[in-house]
> 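Quick one: this structure, given as structure tokens, is what I'll be asking you about.
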Protein chains: 2
Amino acid sequence: MQHYFINENLTNNQRVTLPLEIGHHLSKVLRAEVGDKVQLVSATHLVYLAEIGSIDGRQVTATIQKELHMDVELPVEVTIVSGLSKKNKPELIVQKATELGADHIIFLPMARSIVKWDQKSEKKLKRLNEVALSAAEQSHRNLVPTVSYLHSLYELTKRPFDVKLVAYEEAAKDGEESNLAQALKDIRPDTSIVAVFGPEGGISSEEISLLTDQAYISAGLGPRILRTETAPMYFLSSVSVMTELLKS
Amino acid sequence: MQHYFINENLTNNQRVTLPLEIGHHLSKVLRAEVGDKVQLVSATHLVYLAEIGSIDGRQVTATIQKELHMDVELPVEVTIVSGLSKKNKPELIVQKATELGADHIIFLPMARSIVKWDQKSEKKLKRLNEVALSAAEQSHRNLVPTVSYLHSLYELTKRPFDVKLVAYEEAAKDGEESNLAQALKDIRPDTSIVAVFGPEGGISSEEISLLTDQAYISAGLGPRILRTETAPMYFLSSVSVMTELLKS
């Protein structure tokens, strides 16, 4: 069933006029008909079953039938921080991190980043937020992750998180694999976790020092060398295993 | 350091003439010089440090210096089976599954596969084996995963594996999330595991029956709906968490 985010509160029996992009998608792309069902997610992250009541071009209305009591969010609040990387890697990171349950995705320039975003960051973020919305619809999330840009790693260190990690390839080479498991083992629901991932060239030792001075824990992600876009996928999967699979 | 697979046995002090593609990559792409170090992986999956001794066009020789005692392989033997999917998804699956430690990757047509490979399978496999080689070099694996094609799911069921899983979206919807954790929890080293993943449209109930009749266990991969190429990434990460991170 199609799954859309509606930025307003919803209640049973309410008749909603869907935003035009959603109306267009339903009527023109999917050729939906009156009586078809959709899932609508409210501003408060609740999922409702709704039935299409009228279609007039891109003007589509739907009536809320009932709350579906679906919650697919990770029990913890995860922020992924990614050093700027080349080509379509940021898109892939946002798409996969959204599917795998991230709440926030932050891009920032790092010492070994080859690309720069400064002037382009607004345009890049617009595109990446569209990717996040589309992936959140597809994976039936209760919320759309935020995608944002910071000018430096230093700026990041001013932000508070309960658990702070940095993925460090050298830690993996040294056989350090248990810090991640330790950090996730007894984590409580609603804890905020941040994990920092370097760009293609990896993270510099100065950056590691800056982070570890601010109580970031350096953690390996298994013994294999993962690309910059693969490391957050491994990390988010490990959060799911530790907080969802092993707790159920 | 560059990491190459040499399909022969290697010993200390041996002088090796590198295969021409590797010689080309070193001399033309990387502009390597005599005295540079590389990692060479033998046919028996051992990793050696070697020093470049001569460069003559694409003819490059290197002398084996010592074994590096690196083993980054998962403690279990993992086979990923993927229903044929569209566009560049098979490439992405092979690249990421290689980085994340798969030993074998099998593609096969499933009920809801939109694409067919029959005539094209040889060409597709050639390309996908190149992707596996390149990803195995990049992630410093001890072996290159095999990529192969089967004509049907039925053919797969004739093959023996110690632990057999099928990722089933409906299992995830029902809140079934612990079968995967259960299956991986007390797994012994060298166990062979196979996991089957449907194409974009998912796996049909007939296919689930065929597999469960052959003792495949239906397992959810957390509560979020994952795309066909994302599910194997989640699965392989979970194998690493359960067999590497939580055991170290």
Side-chain angles (χ1 to χ4, degrees), chain A residues 1 3 70-75 88 92 95-102 135-142 169 172-173 175-185 200 219-227 229-248, chain B residues 1 3 70-75 88 92 95-102 135-142 169 172-173 175-185 200 219-227 229-248:
Chain A
M1 197 183 305
H3 183 96
M70 289 167 57
D71 183 3
V72 304
E73 296 303 313
L74 286 169
N88 70 341
L92 189 60
Q95 185 190 73
K96 297 305 168 218
T98 301
E99 283 180 70
L100 293 165
E137 286 175 354
Q138 165 128 9
S139 53
H140 288 198
R141 293 281 306 268
N142 291 68
E169 200 177 274
K173 282 187 193 156
E176 187 298 292
E177 295 176 18
S178 61
N179 278 354
L180 178 60
Q182 281 301 326
L184 297 176
K185 212 161 195 170
E200 287 94 343
L221 303 175
R224 292 160 296 283
I225 296 171
L226 302 178
R227 290 180 209 226
E229 75 277 17
T230 315
M233 302 178 196
Y234 180 104
F235 171 72
L236 285 160
S237 303
S238 74
V239 173
S240 168
V241 170
M242 300 293 288
T243 65
E244 294 178 327
L245 262 54
L246 289 174
K247 305 292 175 185
S248 68
Chain B
M1 199 184 302
H3 184 96
M70 289 167 58
D71 183 3
V72 305
E73 296 304 312
L74 285 169
N88 70 341
L92 190 60
Q95 184 189 75
K96 295 306 167 216
T98 301
E99 283 179 69
L100 292 165
E137 286 174 354
Q138 165 128 9
S139 52
H140 288 199
R141 294 281 305 269
N142 291 68
E169 200 177 276
K173 281 185 192 158
E176 187 298 291
E177 295 176 18
S178 60
N179 278 353
L180 177 60
Q182 281 301 326
L184 297 177
K185 213 162 194 167
E200 287 95 344
L221 304 174
R224 292 159 297 281
I225 296 170
L226 302 178
R227 291 181 207 224
E229 75 278 17
T230 316
M233 301 178 196
Y234 180 104
F235 171 71
L236 285 160
S237 303
S238 74
V239 173
S240 168
V241 170
M242 300 294 287
T243 65
E244 294 177 327
L245 262 54
L246 289 174
K247 305 291 176 187
S248 66

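The sequence lines fix the lettering, A, B, ..., with proteins before strands; numbering per chain opens at 1. A quick note: this is a predicted structure, and the numbers were derived from the prediction, not measured.
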> Pick from B/Leu74, B/Val72, B/Val241: which one has the most heavy-atom pairs with chain A under 4.5 Å?
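Among the listed options, the one with the most contacts to chain A is B/Val72.
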
> What part of A/Met242 is in contact with chain B, defined as an atom under 4.5 angstrom from a non-hydrogen atom: side chain, backbone, both or neither?
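When you check distances to chain B, only side chain atoms of A/Met242 fall under 4.5 Å.
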
> Is A/Glu73 in contact with chain B via its backbone, its side chain, both, or neither, using a 4.5 Å heavy-atom distance?
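Just its backbone gets close to chain B.
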
> Name the option with the most non-hydrogen atom pairs under 4.5 Å to chain B; the candidates are A/Arg227, A/Lys96, A/Gln138.
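Top count of heavy-atom pairs under 4.5 Å with chain B: A/Arg227.
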
> Check side chain to side chain donor-acceptor pair (under 3.5 Å) between A/Thr98 and all other residues, then give those that pass, not counting sequence neighbours.
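Side chain to side chain donor-acceptor pair (under 3.5 Å) check on A/Thr98 returns nothing, list empty.
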
> Taking the side chain as everything from C-beta on, heavy atoms only, tell me whether B/Leu100 gets closer than 4.5 Å to A/Leu226.
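Heavy-atom side-chain distance check passes, below 4.5 Å.
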
> B/Leu92 versus chain A, heavy atoms under 4.5 Å apart: side chain, backbone, both or neither?
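Side chain only.
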
> Would B/Glu244 and B/Ser240 count as having a side-chain donor-acceptor pair, cut-off 3.5 Å?
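B/Ser240 and B/Glu244 do have a side-chain donor-acceptor pair below 3.5 Å.
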
> Of all residues at least two apart in sequence or in a different chain, which pass the side-chain contact (heavy atoms from CB on, under 4.5 Å) check with B/Glu137?
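Once residues adjacent in sequence are excluded, the partners of B/Glu137 under the side-chain contact (heavy atoms from CB on, under 4.5 Å) criterion are B/Tyr4, B/Phe5, B/Leu133.
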
> Okay, side chain of B/Glu99, backbone of A/Thr230: is any donor-acceptor separation there less than 3.5 Å?
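Such a contact is absent between B/Glu99 side chain and A/Thr230 backbone.
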
